[in-house]
Asks: 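Take this structure first; my questions come after.
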Amino acid sequence: MSRVGAMQVPTPVLHVDMDAFYASVVVRDRPELRGGPVIVGGGYRGVVLSADYLARASGVRSGMPMTRARRLCPAAEVVAPDFDTFTTVSASVMETFRRVTPLVEVLSLDEAFLDVRGSTRRLGSPVEIAEWLRATIHDEQGITCSVGVAASVTMAKMASRWAKPDGVFVCEPASVTTLLHPLDVGELYGVGEKTTELLHRLGLVTVGDIAHTPVRTLQRAVGGHLGRHLHDLAWGIDGRQVIARNTSSFTYLGDPDKSMGASETFGHDTDDRAVIVRELLRLTQRVATRMRVAGVAGRTVTITVRFADFTTITRSRTLAEATDVTQEVFREAVRSYDALGLQRARIRLVGVRLEGLVPRERVQRQLVLGQRDRGWSEADLATDRIVRRFGKDAVGPASLLT
């Protein structure tokens, strides 16, 4: 292995992205699904969370309504997401990253930036590190990833896209403009759909069009800050640094650094309190388990309720101290739901979220006089140990048994 000085690394930033992460984990655990299209999603009326490459070839995409996905790919096996497993695999992958460098900026469960300039003397060039990561993740987790290697955050992100699936793409500084300028402006990292539409209307179709438009002209068209930012991106200029940041949660419902949550769409709209409360318990158990895996606790319990007409409301309760105890969170979630005073209102979706997350070791629980020194917290930890050893179906609340 070659050794490269830390200050002489031309491409020190890696973007590692798991390949069809959720679908890959499902197929890993259910090898009988291998070889056919697989869609991971939240029930008949939910949305697609992930699709493997066979399903994507039929036009299935993340965020697509499940009904449309089934029409596009009727042969696909549709599998409900197992967030506990996804979170566990993700945590292991992120620990693998931190074996390389402490500068890991986690973006989601399945992707992160790494700054490896301080690791090259020990582990070799960025490309060698990228190949080691791919091999290690495949050996330890049974899934594949793609790695972009570049001089900046923006180009590393784009390079990982060009590396897919299961590859490494190196974007040398000298090749940045050659790679960027023929692309559609919508391909630039951070340029969304609305900005793309605006630029197209202005006749700016390719990244090269932006690059060769005077900055002041761009600023008059799209605003001062955005105009300068787009011009810099078009020339591969990006001064952002990789900042060590841990996003160990998965949630549709808030900032992943500060909250952790889950939601579920019912197969049919329901006004049955027993059904709704059971779902709140299921979601609470899922979220609290992930919090304990991540080593965090939260103070504010928020529920989301979406009605049949898609009207959505949230209600929050703040506890005296942060918790990761399933029953404590569930109790507050049910109180918030009952306080709504709903009279036979039909509900489409419910969600549970914990906000104000802090490291669990900071929480000092105050014992109440006469309270048992062991309770629900110890029960949760025992349950977690059983699940890790025997699987998620080995133990759980009796009310969730079917």
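Numbers here simply count residues along the sequence, with the first being 1.
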Asks: Pairing donors with acceptors under 3.5 angstrom, does anything connect the side chains of Ser336 and Arg317?
Replies: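 Looking only at side-chain atoms, Arg317 and Ser336 do form a donor-acceptor pair, the distance falling under 3.5 Å.
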Asks: Which word best sums up how the rings of Trp235 and His231 line up, parallel for under 30°, tilted for 30 to 60°, or perpendicular for over 60°?
Replies: tilted
Asks: Can you find a heavy atom in the side chain of Leu133 that is under 4.5 Å from one in the side chain of Phe97?
Replies: yes
Asks: Please round to the nearest 0.5 Å and tell me the distance separating atom CG of Leu357 and atom CG of Asp324.
Replies: 10.5 Å
Asks: Charged N to carboxylate O under 4.0 angstrom, Glu279 versus Arg282?
Replies: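 Yes, charged N to carboxylate O under 4.0 Å.
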Asks: Looking at Arg56 and Asp52, is any side-chain nitrogen of the basic one under 4.0 Å from a carboxylate oxygen of the acidic one?
Replies: no
Asks: Walk me through whether Val16 and Phe113 qualify under side chain to side chain contact (heavy atoms under 4.5 Å, CB included).
Replies: CA-CA 6 Å; Val16 189; Phe113 289 114; over 6 Å; no
Asks: Any ion pair linking Arg353 and Glu355 (charged N to carboxylate O, less than 4.0 Å)?
Replies: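 Yes, charged N to carboxylate O under 4.0 Å.
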Asks: Set out, in order, the CA-CA distance, both residues' side-chain angles and the distance that settles side chain to side chain contact (heavy atoms under 4.5 Å, CB included) for Ile276 and Ile347, then state yes or no.
Replies: CA-CA 8 Å; Ile276 294 165; Ile347 291 175; 3.6 Å; yes
Asks: Quick one: do Arg240 and Thr154 satisfy side chain to side chain donor-acceptor pair (under 3.5 Å)? Show the steps, please.
Replies: CA-CA 9 Å; Arg240 284 177 294 174; Thr154 296; 2.9 Å; yes
Asks: Indicate yes or no: at least one non-hydrogen side-chain atom of Leu114 is less than 4.5 angstrom from one of Leu103.
Replies: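 Result no, sub-4.5 Å side-chain heavy-atom pair not found.
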Asks: Decide whether Thr326 and Gln285 meet the rule of one side-chain donor and one side-chain acceptor closer than 3.5 Å.
Replies: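 The answer is no; no qualifying pair exists.
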Asks: Do Thr302 and Leu354 come within less than 4.5 Å of each other through their side chains, counting heavy atoms only?
Replies: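 The answer is no, as the side chains (C-beta and beyond) never meet within the 4.5 Å cut-off.
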Asks: CZ of Phe307 to CD1 of Ile313: how many Å apart, nearest 0.5 Å?
Replies: 4.0 Å
Asks: Would you compute the distance between atom CG of Leu72 and atom CZ of Arg68 and round it to the nearest 0.5 angstrom?
Replies: 5.5 Å
Asks: Any donor-acceptor pair under 3.5 Å linking the side-chain atoms of Thr144 with those of Asp19?
Replies: yes
Asks: So how far is it from Leu199 CG to Arg201 CZ, rounded to the nearest 0.5 Å?
Replies: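 Rounded to the nearest 0.5 Å, the CG-CZ separation comes out at 9.0 Å.
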Asks: Quick check on side chain to side chain contact (heavy atoms under 4.5 Å, CB included): which of Glu77, Met64, Met66 does Ile39 satisfy it with?
Replies: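 By the side chain to side chain contact (heavy atoms under 4.5 Å, CB included) criterion, Ile39 pairs with just one of Glu77, Met64, Met66: Met66.
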Asks: Between Ser175 and Glu172, do the side chains contain an N or O donor and an N or O acceptor separated by less than 3.5 Å?
Replies: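 Distance-only check fails for Ser175 and Glu172.
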Asks: Between Ser92 and Glu95, is a side chain to side chain donor-acceptor pair (under 3.5 Å) present by the stated rule, with each step listed?
Replies: CA-CA 5 Å; Ser92 298; Glu95 285 308 309; over 6 Å; no
Asks: Might you work through the side chain to side chain donor-acceptor pair (under 3.5 Å) test for Thr318 and Thr300, ending with a clear yes or no?
Replies: CA-CA 4 Å; Thr318 300; Thr300 301; 3.1 Å; yes
Asks: Would you say Ile237 and His229 make side-chain contact, with heavy atoms under 4.5 Å?
Replies: no
Asks: For Thr311 and Asp309, which I'm curious about, is there any donor-acceptor pair between the side chains at under 3.5 Å?
Replies: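 Thr311 vs Asp309: donor-acceptor pair found between side chains.
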Asks: Set out, in order, the CA-CA distance, both residues' side-chain angles and the distance that settles side chain to side chain donor-acceptor pair (under 3.5 Å) for Ser108 and Asp110, then state yes or no.
Replies: CA-CA 5 Å; Ser108 65; Asp110 60 345; 2.7 Å; yes
Asks: Once you round to the nearest 0.5 Å, how far does OG1 of Thr312 lie from CG of Leu349?
Replies: 7.5 Å
Asks: Could you check whether any side-chain heavy atom of Met18 comes within less than 4.5 Å of a side-chain heavy atom of Val93, counting everything from C-beta outward?
Replies: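 In contact.
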Asks: For Glu111, which of Lys157, Lys164, Arg161 qualifies under salt bridge (charged side-chain N to carboxylate O under 4.0 Å, His left out)?
Replies: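 When salt bridge (charged side-chain N to carboxylate O under 4.0 Å, His left out) is applied between Glu111 and each of Lys157, Lys164, Arg161, only Lys157 qualifies.
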Asks: Parallel, tilted or perpendicular: which describes the rings of Phe21 and Phe86, with under 30° parallel and over 60° perpendicular?
Replies: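 Tilted: the ring planes of Phe21 and Phe86 meet at 30° to 60°.
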Asks: What's the separation between atom CG in Leu204 and atom OG1 in Thr195, rounded to the nearest 0.5 Å?
Replies: 12.0 Å
Asks: Report yes if the side chains of Arg98 and Val106 come closer than 4.5 Å at any heavy-atom pair, otherwise no.
Replies: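 Yes, close enough: below the 4.5 Å cut-off.
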Asks: Go through the side-chain N and O atoms of His200 and Asp184 and say whether any donor and acceptor fall under 3.5 Å apart.
Replies: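 Yes, side-chain donor-acceptor contact under 3.5 Å.
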Asks: Should His212 and His181 count as side-chain neighbours, where that means a heavy-atom distance under 4.5 Å?
Replies: yes
Asks: Can you tell if the side chain of Val104 reaches within under 4.5 Å of the side chain of Thr101, non-hydrogen atoms only?
Replies: yes
